[in-house]
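Read the numbers this way: they start at 1 and go in the same order the structure lists the ligands and their atoms.
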Amino acid sequence: MQKHNFNAGPSILPREVIEKTAQAILDYNGSGLSLMEISHRAKDFQPVVDEARALFKELLQIPDGYSVLFLGGGASLEFCMVPYNFLEHKAAYLNTGTWAKKAIKEAKGFGEVVEVASSADANYTFIPKDYTVPADADYFHITTNNTIFGTELKADPDVNVPLVGDMSSDIFSRPVDVSKYICIYGGAQKNLAPSGVTFVIVKDDALGKVSRPIPTMLNYKTHVDAGSMFNTPPVVPIYAALQTLRWIKAQGGIPEMQRRAEERASLLYGEIDRNKLFQGTAAQEDRSRMNICFVMAPEYKELEAEFLAFATERGMVGIKGHRSVGGFRASCYNALPLSSVQALVDCMQEFERKH
Ligand SMILES: *Cc1c(COP(=O)(O)O)cnc(C)c1O
């Protein structure tokens, strides 16, 4: 049976990315060696990093003066590296979910942290919009897509301080005005590559401004100067990321990824809103295009386990909701074909006819 992969992360990748990476693991560029056996400093690996960096810049239209890094540690390590490198006196954070909260917790060890707004009291079902960012903040941190709660900031906010964005789960799904940011980061395992690599886009002249000493490995400057090769980078995930970046470009780049994201989301939200058995959990205007959360309507609550089994039998994978929301979550990342969303919608309609 065909599987429809709605996993939240690690998650679906384009089939050709998996095949090309598998091929390189068996025999890298006809060298008779595996991608897993070569030096990261080998002359035929350097072009992989160079091309991945160049494609990041090209696809996201990153202006001059920014560096693109491929690091280890996950987005979670960035929660600490960001304040380490940028927080001198005060930083502002928007509390929109579990990941934002974790970022806030880490920052508190480095200086004053102002939580400008929070939707915690509403179980993060919306993105707060009425807030003021202190003009003397070193940066304003946002989580552009809240993977767990299914809300998304669909545009880069206009504020009077530079932005820092956790884009783990919506990178390459919409255009970004990178010039508003001093740092954009994310774990690659949602939209780009297998787990193990973290992408970081950093504004070069925003570095070196804090007075504290920074441990070598946690200093962005180390990795900027060494071109992400200060120590051994995650070779296999970077290779896979390059294949995804090439795939994105060949498909038509970010405009096409955005078009597909909107097409998938409108199909699935349309069904959630139409089908009497289900209802969405996030506020309409903040609904994520990447992680679509829904629950059984109150009068059908007892059908939840039955629908999960019903959908699983029909090839749906990874649709059980996160424990903090319950119900269901269909993650619809860039590589997910519309046909998988259609299969889920068919399943919801068939289930409705049954009840
Ligand atoms: C998954 C996720 C993280 C955590 O990423 P790790 O790479 O596992 O540390 C952080 N932020 C967001 C928005 C995520 O979706």
Taking every non-hydrogen atom, the tightest pair across His223 and Met217: NE2-O, 2.9 Å
Numbered atoms and elements of ligand 1 in range of Gly74, under 4.0 angstrom, heavy atoms: 7 (O), 9 (O)
Residue and atom name of the nearest protein heavy atom (relative to atom 1 (C) of ligand 1), distance in Å to one decimal: Lys190 NZ, 1.6 Å
Atom indices of ligand 1 within 4.0 angstrom of Asn145 heavy atoms, with elements: 13 (C)
Residue part near ligand 1, for Ser168, under 4.0 Å between non-hydrogen atoms: side chain
Cation-aromatic face contact Lys190/Trp99, 6.0 Å, 45 degrees: yes
Under 4.0 Å to a heavy atom of Gln189 - the qualifying atoms of ligand 1, by number: 5 (O), 6 (P), 7 (O), 8 (O)
Flag if over 12 foreign heavy atoms under 6.0 Å of CZ, Arg323: no
Identity and distance of the protein heavy atom lying nearest atom 9 (O) of ligand 1: Ser76 OG, 2.6 Å
Distance, nearest 0.5 Å, that separates CE of Met290 from OG of Ser331: 9.5 Å
Which atom of Tyr139 lies closest to which atom of Ala107, heavy atoms considered: OH-CB, 4.4 Å
Atoms in ligand 1 with a heavy atom of Phe79 nearer than 4.0 Å: 10 (C)
Donor on one side chain, acceptor on other, Gln243 and Thr21, under 3.5 Å: no
Min N/O separation Thr143 to ligand 1 under 3.5 Å: no
Protein contact of atom 11 (N) of ligand 1 - nearest heavy atom, named by residue and atom, plus distance: Asp166 OD2, 2.7 Å
Contact (N/O only, under 3.5 Å) between Ala75 and ligand 1: yes
Salt-bridge contact Glu256-Arg260 (side-chain N to carboxylate O under 4.0 Å): yes
